[in-house]
Amino acid sequence: MKNLEKALQLDNNDPLRSYREQFLLPKDKDGNPQIYFCGNSLGLQPKTAQQEIQAILTQWSTLGVEAWFEGKTPWIDYTDRLKDSIGRIIGAHSTEVAIANTLSVNLQLLLSSFYQPTPDRYKIIMEKDAFPSDQYIIQSQVRLHGYDPADAIIEIDNDDHHILSVASIKETIAEHGQTTAVILLGGVNYISGQLLPTQQITQWGHAQGCRVGFDLAHAVGNAPLSLHEWGVDFAAWCNYKYLNSGPGAIGGLYVHERYHHDESIHRLEGWWGNKKSTRFLMRDHFDPSIGAEAWVMSTPPLLSIAAIKASLALFDSTSIAQLRAKSEQMTALLLDSIADQIGDQITVITPGDFDQRGCQTSLAIKGADKALFSQLIQANVICDWREPNIIRISPVPLYNTYEEIVRFADILRKLIQE
Ligand SMILES: *Cc1c(COP(=O)(O)O)cnc(C)c1O
């Protein structure tokens with residue numbers, strides 16, 4: 001097994017090594033951990049998740065409704081206490097962050113505010129092959145405002161392997177910018193694993209008078225982000241992929257500070273977005289919270305948010321820079337281990353340049369069909385499959401090892417050569 005020795009050495013010297021023990025790893029039938037490379041889809045469970053959820057259950061059972069305002073950690077401030085951690089992960093002030101709803105819902109809410117088309121400026125620029133939900137969201141928003149998706153939606157074209165060239169993004173914005181209301185792109189594309197130049201796109205969009213937002217589902221907890229500094233207008237993400245907060249976890253949204261006092265921004269509103277100080281006066285008019293919190297509609301579902309708390313505590317004790325350093329080394333080892341013996345049977349779709357990628361590597365396997373994927377599962381490799389022949393592999397620096405990468409490459413080689 002080429003690279004095994006190197007991998008074992010890297011694991012031994014890994015400053016993040018102890019984090020793996022903080023997670024519950026799915027096991028094979030002999031009780032050994034499977035090779036779990038699916039953190040891009042559902043991150044693993046932090047061991048403390050159960051405790052945090054139990055803590056809410058206990059408060060509920062002992063204090064009932066009083067738990068909102070009583071006890072050591074009243075529920076009323078529960079999500080507020082998590083915002084600094086999220087802010088560090090996405091590079092935003094805590095007032096620019098809210099934890100609420102789910103990703104698709106947040107995109108709809110944010111577009112309801114930031115997509116305000118006029119006859120001269122009504123288009124939305126997005127990427128071809130965006131995640132289906134994003135396509136449905138944008139199409140439905142355009143129709144809601146009485147426009148025709150075929151006219152109002154501009155898709156940036158990609159190449160045969162799902163990659164957007166930076167030049168084509170720039171050209172599309174230059175060509176359509178003056179008639180575009182919103183640019184909404186994925187931070188990392190779900191299928192290719194390509195990381196887009198978020199900062200540049202924001203600048204190009206703003207230069208044309210467009211608002212610029214990102215779907216950060218595959219970028220958050222994975223790629224370095226400085227949303228505030230880059231001037232990104234709005235963003236949303238889910239917390240169940242690289243943020244390890246459990247299936248269907250409550251999501252997050254970001255709204256740049258420049259909109260926090262902007263009364264021209266409309267919202268779909270609910271009582272939980274009302275300022276905390278006047279919320280319970282039960283008045284008949286909305287008194288918005290200052291910041292992203294104004295987009296929260298409902299009472300926070302704390303049993304779900306408790307798992308986010310458990311996960312964020314782990315992120316708090318390391319940094320995106322440190323995770324990223326390990327992720328780059330893992331990717332280098334993965335690409336080297338694959339190129340070695342089976343390079344001619346595999347096309348690596350994800351760009352090799354670290355500025356253009358996160359943890360995920362998408363592999364197109366020549367002549368393969370879904371049987372290969374089933375064989376990988378039987379060999380205890382958990383990854384995912386996208387038609388017609390793409391495997392997505394995401395070694396996650398918090399809980400995967402270098403050894404797993406080399407073992408995976410060896411399993412894949414044997415399956416392909418058989
Ligand atoms: C995972 C993902 C979603 C899922 O949205 P939910 O509302 O959380 O189901 C949406 N968009 C992208 C780009 C994703 O990767």
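Every heavy atom of this structure was used, including side-chain atoms; hydrogens, water molecules and symmetry mates were not. Atoms within a ligand are numbered from 1 in the order they appear, just like the ligands themselves.
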*asked:* If the cut-off is 4.0 Å to any non-hydrogen atom of H218, which atoms of ligand 1 fall inside it?
replied: 15 (O)
*To which protein heavy atom is atom 7 (O) of ligand 1 closest, and what is the distance rounded to 0.1 Å?*
S104 OG, 2.7 Å
*Angle class for the Y190/H218 ring planes (parallel below 30°, perpendicular above 60°, tilted otherwise)?*
tilted
*Is the centre of the F23 ring less than 6.0 Å from the centre of the Y36 ring?*
no
*Would F280 and W271 count as a close aromatic pair, with their ring centres under 6.0 Å?*
yes
_Check: Y259 ring centre within less than 6.0 Å of F114 ring centre_ = yes
*Shortest protein heavy-atom distance from atom 11 (N) of ligand 1, along with the residue and atom involved*: D134 OD1, 2.8 Å
_Closer than 4.0 angstrom, basic N to acidic O: yes or no for R407 and D410?_
no
*Among protein heavy atoms, which sits nearest to atom 15 (O) of ligand 1, and what does the distance come to when rounded to 0.1 Å?*
K241 NZ, 2.5 Å
*Is the distance between the ring centroids of Y115 and H145 under 6.0 Å?*
yes
_atom 4 (C) of ligand 1 - nearest protein heavy atom and its distance_ = Y240 OH, 3.2 Å
*Going by distance only, is there an N or O of T102 that falls short of 3.5 Å from an N or O of ligand 1?*
no
*Around atom 13 (C) of ligand 1, find the nearest protein heavy atom and jot down its residue, atom name and distance.*
D215 OD2, 3.2 Å
